[in-house]
Structure formats: structure tokens, C-alpha cells
Amino acid sequence: MKNGFLVFAGPLCLAAMLAVSGCASDLGGGTYSRAEARRMMTVQYGVVEAVRPVQLEGTKSPLGAGAGAVVGGVAGSGVGGGRGEIVGATVGAVAGGLAGAALEEAVTRKPGVEVTVRLENGRVIAVVQEDQGEGFRVGERVRVVNDGGTTRVAR
């Protein structure tokens with residue numbers, strides 16, 4: 001029974017983590033949250049001074065650790081008998097939780113871009129956002145959109 005559950009639970013937990021990673025919000029210049037709709041935003045213009053690739057870390061939600069702990073606990077419970085099952089389940093749950101958290105972070109990690117812009121007023125700012133293939137180039141004129149909390153660079 002335990003092994004049958006593991007065969008079922010393992011892929012199910014992995015599918016759940018991948019589904020949630022697909023729900024992670026985009027952080028690119030062309031993506032807006034529902035809360036940002038119909039909100040006044042300030043627009044400034046400037047020229048790109050530098051562009052460099054960066055890495056946006058992945059999400060670290062309880063889902064990855066929880067799914068990993070369930071799978072690890074079930075797998076570990078098959079070790080030994082009696083108290084050995086309890087110890088195996090506990091060690092398996094801890095190890096599975098750590099592995100699940102690491103897997104979630106790795107799966108949801110995204111490439112980003114840091115765009116340094118000299119605004120028309122002379123101020124220099126840098127904005128980090130998800131790289132969605134915009135291909136910003138040094139010397140290019142861009143728009144910087146800000147709502148007081150979120151800033152993005154766009155064409």
C-alpha cells in the first residue's frame with residue numbers, strides 16, 4: 001500500500017509544484033497586475049545607458065516544501081519496521097521538504113535584465129525586470145512607468 005501511494009503521490013506533488021510555478025506572476029515590463037489597472041501612473045522618458053543580464057530568484061512558497069515533505073515522509077516510512085518506520089518517515093519528510101523547496105525555487109527562477117536609464121531631468125535610475133525579449137539597447141529612448149510602488153521600462 002505504501003509503495004502504491006508513493007507511486008501516486010510523487011507525480012501528483014510534482015504536478016502541483018509545476019502548476020503553481022506556472023501561476024507565478026510575470027515581472028516583465030509589459031505585465032500588469034489586476035490591481036494596477038485603472039490606476040494613474042507617472043511616465044518619464046529617458047535614454048538607456050546600460051543593460052546587463054541578471055537572475056530573478058524563484059518563489060519560495062510552502063507548497064514546494066510541503067509537497068516534498070509528503071513524498072519524502074511516505075518514501076521514508078517504508079524503511080525498517082516499528083520505530084524504524086517513524087524515524088524513516090521523519091527523516092524522509094525533512095529531506096523531502098528541503099528538496100521540494102529547492103526544486104520549487106529552481107523551477108520558478110527566471111532570467112532578468114537590469115536597465116540603467118538617464119531620465120530627461122538628468123537623474124539616473126536602474127530598473128530590474130523579467131527579460132521578456134525586449135532587447136533594450138544602449139542609446140535607445142524608452143519610457144519609464146511608475147505608480148509609486150512598481151517601476152517598469154518599456155518602449
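As a basis for the values below, the full set of heavy atoms in this structure was taken, side chains included, without hydrogen atoms, waters or symmetry mates.
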Participant: Identify all side-chain donor-acceptor contacts of residues 141-150 below 3.5 Å with residues at least two apart in sequence or on another chain.
Facilitator:
from: R141; atom 1: NH1; to: E120; atom 2: OE2; distance (Å): 2.8
from: R141; atom 1: NH2; to: E120; atom 2: OE2; distance (Å): 3.4
from: R143; atom 1: NE; to: R155; atom 2: O; distance (Å): 3.1
from: N146; atom 1: OD1; to: G148; atom 2: N; distance (Å): 2.4
from: N146; atom 1: ND2; to: T151; atom 2: OG1; distance (Å): 2.5
from: D147; atom 1: OD1; to: G149; atom 2: N; distance (Å): 2.9
from: D147; atom 1: OD1; to: T150; atom 2: N; distance (Å): 2.7
from: D147; atom 1: OD2; to: R39; atom 2: NH1; distance (Å): 3.4

Participant: Do V138 and E49 pass the side chain to side chain contact (heavy atoms under 4.5 Å, CB included) test, and can you show the C-alpha distance, the side-chain angles, and the key distance before you say yes or no?
Facilitator: CA-CA 5 Å; V138 173; E49 288 206 337; 5.8 Å; no
Participant: E134 side chain to Q132 main-chain N or O, any donor-acceptor pair under 3.5 Å?
Facilitator: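 The answer is yes, because a donor-acceptor pair under 3.5 Å joins these two groups.
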Participant: In Å, rounded to the nearest 0.5 Å, how long is the span from CZ of F136 to CD of Q129?
Facilitator: 5.0 Å
Participant: Report yes if some heavy atom in the side chain of R137 is under 4.5 Å from a heavy atom in the side chain of V51; otherwise report no.
Facilitator: no
Participant: For Q44, check side chain to side chain donor-acceptor pair (under 3.5 Å) against everything at least two apart and list the hits.
Facilitator: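 Residues passing side chain to side chain donor-acceptor pair (under 3.5 Å) with Q44: none at all.
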Participant: Does one hydrophobic cluster hold both L119 and V48, with members joined at side-chain heavy-atom distances below 4.5 Å?
Facilitator: yes
Participant: A126: what forms a side chain to side chain contact (heavy atoms under 4.5 Å, CB included) with it, not counting sequence neighbours?
Facilitator: E114, T116
Participant: Show your reasoning for whether side chain to side chain contact (heavy atoms under 4.5 Å, CB included) applies to R123 and R118.
Facilitator: CA-CA 6 Å; R123 187 170 161 226; R118 179 172 299 278; over 6 Å; no
Participant: Consider only side-chain heavy atoms of I, L, V, M, F, W and Y, link residues closer than 4.5 Å, and tell whether M41 and Y45 are in one cluster.
Facilitator: yes
Participant: Does the side chain of L56 reach to within under 4.5 Å of the side chain of V128, using non-hydrogen atoms?
Facilitator: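 Result yes, sub-4.5 Å side-chain heavy-atom pair found.
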